[in-house]
Undergrad: 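My questions will all concern the structure given below.
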Amino acid sequence: MKVSSYHHQKGDVVTFVQHEVDTKRPYDIIYLAKQSTDLRNPPADYFDRRTRLLGKGFKYLGCWKMPPVVLACRPDYLLYPDNILPKIHFAQFFTEKGARLNVIQDYHNAADTKELYQTLIVDRAF
């Protein structure tokens with residue numbers, strides 16, 4: 001979600017792959033996320049210099065670490081339009097190694113919703 005927000009703010013076009021036809025679109029960078037090593041890897045076609053691997057599922061393949069400028073971004077709440085996530089504030093104040101982020105965007109929900117359930121602090125170092 002933060003990666004999507006970062007690229008949107010740079011003016012990039014972001015496509016969230018939901019259907020096989022989405023994989024046929026041209027791209028400059030593809031981010032692949034996998035949270036478990038038990039899951040199968042995507043096809044080898046996706047592994048090249050334009051690929052960034054995210055999540056614990058790729059820990060043996062060399063995960064891409066989000067730079068502070070991406071960590072400081074507010075999540076893209078509209079990436080999952082039919083999900084409860086737009087009703088949650090996500091806040092992050094530190095990097096994965098515990099260094100304080102010097103600047104962060106306002107973490108309050110950017111979506112047009114009046115019902116908010118909770119604020120979730122996503123600092124992994126603590």
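Residue numbers count from 1 along this sequence.
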Undergrad: Do L101 and W64 belong together in a cluster built from hydrophobic side chains that touch within less than 4.5 Å?
TA: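 Linked, L101 and W64 end up in one cluster.
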Undergrad: Parallel, tilted or perpendicular: which one describes the rings of F47 and F58, with boundaries at 30° and 60°?
TA: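 Because their plane-to-plane angle is over 60°, the rings of F47 and F58 count as perpendicular.
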Undergrad: Surrounding CG of D48 (heavy atoms of other residues, nucleotides or ligands, distance under 6.0 Å), is the total greater than 12?
TA: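 More than 12 within 6.0 Å, yes.
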Undergrad: Where is the tightest heavy-atom contact between L71 and K2, given as atom of each residue plus distance?
TA: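 Minimum heavy-atom separation between L71 and K2: O-NZ, 2.7 Å.
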Undergrad: Would you mind reporting whether M66 and Y31 have side-chain heavy atoms less than 4.5 Å apart?
TA: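 Counting from C-beta outward, Y31 and M66 never come under 4.5 Å.
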Undergrad: With side chains defined as the heavy atoms from C-beta onward, is the minimum distance between R50 and D28 less than 4.5 Å?
TA: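 With C-beta onward as the side chain, the pair stays apart.
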Undergrad: Are V69 and L54 connected into the same hydrophobic cluster when the rule is that any two of I, L, V, M, F, W, Y join if their side-chain heavy atoms are below 4.5 Å apart?
TA: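 Linked within one cluster.
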Undergrad: Rounded to the nearest 0.5 Å, what's the gap from SG on C63 to NZ on K56? Could you check?
TA: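 Output value for this atom pair is 10.5 Å.
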Undergrad: With a 4.5 Å cut-off on side-chain heavy-atom distances among I, L, V, M, F, W and Y, is there a chain of contacts connecting V3 to Y27?
TA: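 No, V3 does not connect to Y27 through the hydrophobic network.
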Undergrad: If you group Ile, Leu, Val, Met, Phe, Trp and Tyr by side-chain heavy-atom gaps below 4.5 Å, do F16 and I30 land in one group?
TA: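 The answer is no; the residues belong to distinct hydrophobic clusters.
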Undergrad: Could you check T51, T37, L53, L32 and say which one makes a side chain to side chain contact (heavy atoms under 4.5 Å, CB included) with L61?
TA: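 Among the candidates, only L53 passes.
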Undergrad: Output the distance between atom NZ (K34) and atom CZ (R40), rounded to the nearest 0.5 Å.
TA: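 K34 NZ to R40 CZ: 10.0 Å, rounded to 0.5 Å.
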Undergrad: Is there a donor-acceptor contact under 3.5 Å linking the side chains of D76 and S5?
TA: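 D76 vs S5: no donor-acceptor pair found between side chains.
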Undergrad: Can you tell me how far apart NE2 (H8) and SG (C73) are? Round to the nearest 0.5 Å.
TA: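 Here the rounded value is 12.0 Å.
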Undergrad: Examine F94 and V70 and state if one hydrophobic cluster contains both, with Ile, Leu, Val, Met, Phe, Trp and Tyr joined whenever side-chain heavy atoms are less than 4.5 Å apart.
TA: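 F94 and V70: one cluster.
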